[in-house]
Amino acid sequence: MNKAELQAAVATRRTFAIISHPDAGKTTITEQMLLFGGVVRQAGTVKARKSGNFAKSDWMEIEKKRGISVTSSVMQFDYDGKRINILDTPGHEDFSEDTYRTLMAVDSAVMVIDSAKGIEPQTKKLFQICKMRGIPIFTFMNKLDRDGREPLDLLNEVEEVLGIETYPMNWPIGMGKGLKGLYDRYNHRIELYHNEAKGQTFLPLDDEGHLDPSNELTKDSIYDDVLEEMELIEEAGNDFDENKILAGDMTPVFFGSALTNFGVETFLKTYLKYAPKPTAHKTQADESIQPTDDEFSGFIFKIQANMNPNHRDRIAFVRICSGEFDRGMDVTLQRTGKKMRLNNSTQFMADTRETVETAVAGDIVGLYDTGNFQIGDTIFGGKHAVQFEKLPQFTPELFMRVTAKNVMKQKSFHKGIEQLVQEGAVQLYTSYSTGDYILGAVGQLQFEVFKFRMQNEYNSEVVMEPMGSKTARWIDPEQLDESMSSSRNLLVKDRNGDPLFLFENAFAERWFADKYPDVKLTSKL
């Protein structure tokens, strides 16, 4: 591509993550967007597990069985002249580390909130990460097809709990069984409620924002209530400010029902008008890499093993930050200085994939990997070396000893551990004295998923012995004396061979500090 073609292509990209608390409906809304993009003919929600009609973005076997998302799915489709990259993140807090890294790879976020429950703990955590990065946030108040809280209460809660201004783009006319439609403030119309079978019906509003008096809806008292609420919002609410939205200081709020596909397409169209195209990325040298820079660059934010268990494949997901990706191009892996040719590349429709020949800044590309890449790696195509900012990593809090149940299957046991650990959801440690494998994770569900995948994908049944909560602290090898280890502070090595102690509790850590005052311990990975 020449410069003008590259700029035009980048301008069409919209890359966003969907964040929410578990069961707020983000996987369902993802499915509906794929429907509009022509990628699926029928949205398979997690409610349809008995029929075997699973959510397309939940490709992993355990996700289908449990009806939850435990990995970040990456999906791409074209809609309304834009190329959209959706990253559907796990809502479960035990997988927050995967979600945090994913948020480093997007330009905006869609926050899905259950209109009956409002702001929930995981929503608040994920919002804070977006706020810290200054990511624009668009809010979808979901599940209008059920009875929920008053819309004004929901807006107030978003403003007070999350500290962000709201601007309602539409307003519910009733809810639950009494749901009549949406007062579409932005498009100056009313969208009548429908289930998926009926399709959309829009009624125009006059200059005063009223329906034609002959319409049946005007005779319903709920319509009068909505007009009063809209008048209050117009007088006392925030003014629409596109600059505030792009700075992450104001969130446009949309109401709807993902399950019945009501209000989702209206949301998607409006989102595409205001969501930012790909933005600059900072390097560790404090440079800003612009998306339209000529030289290719990107970073690995996710690694996933066995997306196709039959082929034991391992995919490294790259967020392209600048320039153009061409299949077969030569790049440099910044961490090692190694040159490599990117021949095997793919783009995803969750469990469907196709070879990608070319992509530009904003796109997410999967690279087939034989073990070259690590999470956080930078790759670049030019002579000018680039290293993007570090991705967040979290020190594990829960630990398990893990052994193979069948000692005759050591080969598959070791291979499974090696590949699953590279994904970054669990950390691997080795006991200094015995060489035992110890897994560390942020949450318990990660261990359950690990155990399930070891058996399901590697045919290796494992025995896991809980060690409880520990505090991990790294020590400089120069200061290490193996006799410092005790039952209260277990000495282990991480994957890089660096020594650390797993402290039983805060008392054990203080005791160690008193006994060895000159030894410096750190919590950084």
Test item: side-chain donor near acceptor, [X] and [Y], under 3.5 Å:
X: Trp474; Y: Asp494; answer: yes
X: Gln76; Y: Asp363; answer: yes
X: Ser431; Y: Thr434; answer: yes
X: Lys339; Y: Thr332; answer: yes
X: His414; Y: Tyr437; answer: yes

I'd like a table of donor-acceptor pairs (distance under 3.5 Å, sequence neighbours excluded) in which one partner is a side-chain atom from residues 513-521, with atom names and distances.
none

Do you know which two heavy atoms are closest between [X] and [Y], and how far apart they sit?
X: Ala472; Y: Leu502; result: CB-CD2, 3.9 Å
X: Pro291; Y: Val10; result: CB-CG1, 3.9 Å
X: Met340; Y: Phe373; result: SD-CZ, 3.4 Å
X: Ser345; Y: Tyr368; result: N-CD1, 4.3 Å
X: Ala361; Y: Pro278; result: O-CG, 3.5 Å
X: Met464; Y: Lys451; result: SD-CB, 3.8 Å

*Output yes when a side-chain donor or acceptor of Asn142 lies under 3.5 Å from a complementary backbone atom of Ala258, and no otherwise.*
yes
*With distance as the sole test, does Gln387 use its side chain to make a donor-acceptor pair with the main-chain N or O of Thr283 at under 3.5 Å?*
no
*Mind checking salt bridge (Lys or Arg N to Asp or Glu O under 4.0 Å) for Glu509 and listing every partner two or more places apart, or none if nothing turns up?*
Arg473
*Other residues, nucleotides, ligands: >12 heavy atoms within 6.0 Å of Arg335 CZ*: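 It does: Arg335 CZ has more than 12 such atoms within range.
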*Near Lys277 NZ, under 6.0 Å, is it more than 12 heavy atoms from other residues, nucleotides or ligands?*
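For Lys277, atom NZ is not crowded (no more than 12 foreign heavy atoms under 6.0 Å).
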*asked:* Using side chain to side chain donor-acceptor pair (under 3.5 Å), reason through Thr358 and Glu324 one step at a time and then give a plain yes or no.
replied: CA-CA 7 Å; Thr358 184; Glu324 180 186 4; 3.0 Å; yes
*Presence of salt bridge, Lys282 and Glu389, under 4.0 angstrom*: no
*Would you call Lys131 and Asp249 a salt bridge, taking side-chain N to carboxylate O under 4.0 Å as the test?*
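A salt bridge links Lys131 with Asp249.
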*Honestly, is Lys493 close enough over Tyr429, meaning NZ or CZ under 6.0 Å from the six-membered ring centre and within 45° of the axis?*
no
*Carefully, step by step, assess Tyr458 and Phe413 under the rule ring-ring contact (aromatic ring centres under 6.0 Å, His included).*
CA-CA 7 Å; Tyr458 296 92; Phe413 170 72; over 10 Å; no
*asked:* ring-ring contact (aromatic ring centres under 6.0 Å, His included), that's the test. Do Phe140 and Tyr271 meet it? Break it down for me.
replied: CA-CA 10 Å; Phe140 189 84; Tyr271 162 80; over 10 Å; no
*Hey, can you tell me if Phe388 and His281 have their rings parallel, tilted or perpendicular (30° and 60° cut-offs)?*
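Ring orientation, 0 to 90° scale: perpendicular.
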_Rounded to the nearest 0.5 Å, what separates atom CZ in Phe296 from atom CD1 in Ile289?_
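Taking CZ in Phe296 and CD1 in Ile289, the distance rounds to 12.0 Å.
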